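Okay, structure first, notes after.
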Amino acid sequence: MEYRPQEIESRWQKYWEEQGMYSTQEKPGQPKFYVLDMFPYPSGAGLHVGHPLGYIASDIMARYYRHKGFCVLHPMGFDSFGLPAEQYAIQTGRHPSETTRENIERFIRQLKLLGMSYDWDRMVITSDPSYYRWTQWLFIQLFNHWYDRRAQKARPISDLVEIFSRQGNQGYHEQLLTGNVEGLEPIFSASDWTGFSEKTRANILMHYRLAYQSFAYVNWCEALGTVLANDEVKDGVSERGGYPVERRLMRQWFLRITEYADRLHKDLDDVDWSDSMKEMQRHWIGKSEGLLLRFPIQNGPHQEIEVFTTRPDTVFGVTFLTLAPENELWRRITPASHRQNVEEYCASVLHKSERERQADVRHVSGVFTGAYARHPFSGENIPVWVSEYVLGGYGTGAVMGVPAHDSRDFRFARHFNLPVLQVVVPPGQTTGRDLSEAYEEKSGYLVQSGFINGLSVAEAMEAVIQEAEAKGIGRRQVNYRLRDANFSRQRYWGEPFPVVYDSQGIAHTLPPAELPLELPPMEDFRPTGKPESPLAKLKDWVHPAPGITRETDTMPGFAGSSWYFFRYMDPHNPHAFASREALDYWQQVDLYIGGTEHAVGHLLYARFFTKFLYDLGLVPCHEPFRKLLNQGMIQGRSNFVFRLKGENTYVSKNLAPQYDTVRLNVDIRCVKDDILDVEAFRRSVPDAAHAHFILEGDRYVCDWEIEKMSKSKLNVVNPDDVVAQYSADTLRMYEMFLGPIDQSKPWSTSGIEGVFRFLRRVAALTDLVDFQKAAPEDAELRILHKTIKTVTKDLENFSFNTCVSHLMIGQNGFSDLKSIHPDTLAQYVVLLSPFAPHLAEEIWHFLGCEGSVTQASWPLYKEEFTKEASIIYPVSFNGKTRFTLEVAADTQPSELETKALNDPRAQRWLEGRQPKKVIVVPGRIVNIVM
RNA sequence: GCCCGGGUGGUGGAAUGGUAGACACGCAGGACUUAAAAUCCUGUGGCCCACAAGGCUGUACGGGUUCAAGUCCCGUCCCGGGCACCA
């Protein structure tokens, strides 16, 4: 058989589609396997060869598990809401619904071309109302639930209302403290609650809801007339245009993911992810244990400053306290004499953008408030400062300054000439030296520290916490770095919030029957020029009834992508986000494949949504993704030309240093082996049509660099072109053959020929098939069973590149035979089928096998055929291999030892001496120690 | 600065502590061909040796553990990724 990929690939793709080969039917009693690719955003650029890397791997696993008899769910869909889609639409001057539809169609066509075994009937699209109806429903659930810290789970907000009317918020007040309801005592009674106005009650409940409103800064860009996302702001100015960006405080929606911090941290133990991935999440959650300690204000208003520290042992080394500028407490403690100073300082800091504040992290600034606190243990006066190095959003927004043992406090103290008091001495050293830097190690013993003198750091930490708790001035506390998730975007292309405000401004969610709240069509969805969503322009939509106002913000990209994996289980269900039966059957994703760029965003939100639904008893698993496999990136290899500045002349790379040039990306389609095809270049770049070229000899040499594959760098390789030139099966196998799946590597076509040749040789194996042959010969069975064994083992380990090698070794073996029994080739073709499904199917039918190869059983190997009759042992002296010795496989170690020592070749190394020791590792090696 | 990965032929890469370089690309030589392409065969880490036989050397660098180290331990350098005032 000759290998004619164009012909066979379209034939079998059509066949699979007609037969509904990949549509998934839940089969109770059959084991299931759910393999999922990370949700792609359908960009306008289409797929490049980097995208399919993970898709091919997941498709291979999906096919492998089908062969193994599993019921496989392998869906694909599109994360089509969000900022990139909106920007792409604005750029192209077309409506996002239109561009999104086109882009999705292009993606589907490209994926089908690769022979992916997705069940397209289950496709979900986040911008489709039948999908986002359930995103909105989920938001309403979050709004209607609060997190009970005692029970460590979400409960209906109605339970909380009942608790309040029965006993007030006693025991549940801590959650309120973090929110600061204006003019409210932190603890209220049942009678207080019944006395509160409706508005006040709504405000209080807002501090408990898992989806809640609060105030947050947005990046408002006056010049562009829009709010910018954080990644659209660079160095305090807009990335586009470089206009100034100002921070504006706005009421926005948040998700209280922080309540789940501990479970998100702890449950990482239950998933099979790479250590680095888990580490990234753990670090992002940032769990730290320590002490919450109160310092009363001295000679002033009755106030306390609460600080959080992870080093309670250093409490006697405190020489100042520092508040974050965001911490409003300074207003209450700053005496009139210092007021203006502090106010000016805080205003200047708060005016800076997040980026600006981060940009000069090393710069020390601050101001003394004029107030003093009393040290809770020593009773000494401690000055209170305000400084931007203290973060408003972490801990209590206040720290105890221990300059001797914290480098940030040290820098601050040195800058403002505050005393540095050493209280921890490194092991084996004595005190008294002047510190040139903070000693931050947690080893050593305590000095100048009252009741903890002489204790070790660990002992002192514990002692101080216990003492603080005993005296009622502090308590043990766990803090998290994780912040609540901002869920509002002032944009058009996203899910509208199913929320209206009444005349008092109280938020109400829509009744479920009114879902979906469809995104109203808008011709002009460009920015309004005000810090609000374009939806605000639709007056009729915003005011559906007198006194009623709609929320005009839309949801962020992660709203739809945080739960889509459940929808695939039951994608068309009009009554629920997924049926109980479907959820119970599919449980969770068994294998999730995607890039590491989603380490902390998507993966964390998806875990949070899952835990929330789990608390509600709606899903059976508390983790969405059991096994996570990260694929590496395929980078682009860019080429560059050098143009003389101000002239229409291009100079070859090695001559360029002699001129004043600009280095420009050149389309890699005009370049072969770094040599520019000048005519192609003239055709592709209008300006270059009449350009002059300075060559090296007769060639124009380009520079090159490995960069991210992107349209703007002109280095994109389109899979369609590779498929056209070789075949889909070639591309699939080649991407797998490139190296370990998790490694990043630049795209290069050197080597793709080898894979193509391999497939051609596999096709040629059909010429060796002898249909008259009574039974397979030993030689072919040996090749077959070894291949089954190695390919199976490597697939289980996701070692796709070595699978390809083993398939090649198998083919090399078969090609050397005179003839092959059809059964032998049929089994080999099943092994090939996950990688090269089209050719496998073609050969399967050539052999006259039943049905489709995609439904064939995975072959099992017989150990007897994988073992050789004889083993070639390397014989080494002192670890250096000197010769090899072939013996029967069942040779006993003692016999082997004798044979090795008596071998004539051994004499040269033995030189008549007795070996000290002989090591025989059966099946491996003989080592003679002299 | 801190936390993860990773450094193996000309190239991509392979190797449960047990013959380093599987499998491929490239290259060289050969067969077929009028010729080319395609295909097939042979060789291919480096060095010494006319060849062969054989030897030496070799997995970023320096030490160590072991009968045996690419693999384990300690230190150094380089590359990639993540985090970065989180008290």
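Keep in mind it's a predicted model, so treat the numbers as computed, not measured. Below, chains carry the letters A, B, ... as their sequence lines are ordered, and counting in each starts from 1.
Comparing rC23(B), rU19(B), rA15(B) by their nearest atom to the side chain of Pro874(A) picks out rU19(B). Taking the side chain of Pro740(A) as heavy atoms from C-beta on, and the options rG13(B), rG12(B), rC25(B), the nearest nucleotide is rG13(B). Closest approach to the Ile919(A) side chain among rC67(B), rC85(B), rA38(B) is made by rC67(B) (side chain taken as heavy atoms from C-beta onward). For Arg761(A), counting side-chain heavy atoms from C-beta on, the closest listed nucleotide (rC23(B), rC40(B), rU19(B)) is rC40(B). For Thr802(A), taking side-chain heavy atoms from C-beta onward, the closest of the listed nucleotides rA87(B), rG13(B), rA14(B) is rA14(B). The Val399(A) side chain lies nearest to rA87(B) when the options are rA14(B), rA20(B), rA87(B). Considering only side-chain atoms of Arg924(A), the nucleotide from rU16(B), rC67(B), rC41(B) that sits closest is rU16(B). Among the nucleotides rG12(B), rG18(B), rA22(B), the one closest to the side chain of Ile925(A) is rG18(B). Set against rA15(B), rC25(B), rC23(B), the side chain of Asn812(A) has rC23(B) as its closest nucleotide. Residue His283(A) has its side chain nearest to rC83(B) when only rA22(B), rU19(B), rC83(B) are considered.
Below 30°, between 30° and 60°, or above 60°: for Trp385(A) and Phe416(A) the angle between ring planes is between 30° and 60°, a tilted geometry.
Place Trp284(A) and Ile809(A) on RNA chain B by their nearest nucleotides, and Ile809(A) ends up nearer the 5' end. Nearest-nucleotide positions on RNA chain B place Gly879(A) closer to the 5' end than the other of Gly879(A) and Gly286(A).
Thr319(A) places a side-chain N or O within 3.5 Å of a backbone atom of Pro419(A) that can act as its donor or acceptor partner. At least one donor-acceptor pair under 3.5 Å links the side chain of His405(A) to the backbone N or O of Val423(A). At distances below 3.5 Å, at least one donor-acceptor pair connects side-chain atoms of Thr766(A) with backbone N or O atoms of Met1(A). At distances below 3.5 Å, at least one donor-acceptor pair connects side-chain atoms of Lys278(A) with backbone N or O atoms of Val271(A).
Under 3.5 Å, the side chains of Thr792(A) and Glu796(A) contain no donor-acceptor pair of N or O atoms.
For the pair Arg411(A) and rC85(B), the criterion of a side-chain N or O lying under 4.0 Å from OP1 or OP2 is not met. In terms of phosphate contacts, Arg905(A) brings no side-chain nitrogen or oxygen within less than 4.0 Å of OP1 or OP2 of rA53(B). Dashed line: the shortest gap from a side-chain N or O of Tyr394(A) to OP1 or OP2 of rA87(B) is under 4.0 Å. Contact check, Arg481(A) against rA84(B): a side-chain N or O comes under 4.0 Å of OP1 or OP2. Remark: Arg311(A) is not in phosphate contact with rA87(B), judged by side-chain N or O atoms under 4.0 Å from OP1 or OP2. Remark: Gln811(A) is not in phosphate contact with rC23(B), judged by side-chain N or O atoms under 4.0 Å from OP1 or OP2.
Whole-Å rounding puts the Tyr726(A) OH to rA24(B) C1' distance at 14 Å. As rounded to whole Å, 18 Å separates atom P of rG12(B) from atom CD1 of Ile741(A). For the pair Tyr3(A) OH and rA38(B) C1', the interatomic distance rounds to 16 Å; values are reported in whole Å. The OH-P distance, from Tyr480(A) to rC83(B), rounds to 21 Å in whole Å. Here the C1' atom of nucleotide rG12(B) and the CD1 atom of Ile706(A) are 12 Å apart, to the nearest Å. Regarding Arg483(A), its CZ atom lies at a distance of 13 Å from the C1' atom of rA84(B), rounded to whole Å. rC2(B) atom P lies 16 Å from atom CD of Glu279(A), rounded to whole Å. Rounded to an integer number of Å, the gap from CD of Glu707(A) to C1' of rG80(B) is 16 Å.
Lys880(A) comes within 4.0 angstrom of the backbone, heavy atoms only, and of no base. The residue Thr881(A) sits close only to the backbone: its heavy atoms come under 4.0 Å of sugar-phosphate atoms, none of a base. Using a 4.0 Å heavy-atom cutoff across all strands shown, Glu753(A) reaches no nucleic acid atom at all. Note on Ile928(A): nothing from the nucleic acid sits closer than 4.0 angstrom, heavy atoms only. Backbone-only engagement by Ser288(A) is indicated by non-hydrogen atom pairs under 4.0 Å involving sugar-phosphate atoms exclusively. Contact annotation for Asn801(A): backbone-only contact, meaning every heavy-atom pair under 4.0 Å involves sugar-phosphate atoms and none involves a base.
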**Request:** Start with the C-alpha distance between Phe320(A) and Phe412(A), add both sets of side-chain angles, then the distance that settles ring-ring contact (aromatic ring centres under 6.0 Å, His included), and finish with yes or no.
**Result:** CA-CA 10 Å; Phe320(A) 57 94; Phe412(A) 191 76; 5.3 Å; yes
**Message:** In dot-bracket form, 5' to 3', how is RNA chain B paired? Count Watson-Crick and G-U wobble pairs only if both distances fall under 3.5 Å, and write | where the partner sits on another strand.
**Reply:** (((((((..(((.....[....)))((((((.......))))))((((.....))))..(((((..]....))))))))))))....
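Arg882(A) contributes no side-chain N or O that forms a donor-acceptor pair with the base of rU19(B) under 3.5 Å.
Under the 4.0 Å criterion applied to side-chain N and carboxylate O atoms, Glu705(A) and Lys713(A) are not assigned as salt-bridge partners. The pair Glu279(A)-Arg282(A) counts as a salt bridge, with a side-chain nitrogen and a carboxylate oxygen less than 4.0 angstrom apart. At a threshold of 4.0 Å, the pair Glu462(A)-Arg476(A) counts as salt-bridged, since one of the basic side-chain nitrogens sits closer than that to a carboxylate oxygen.
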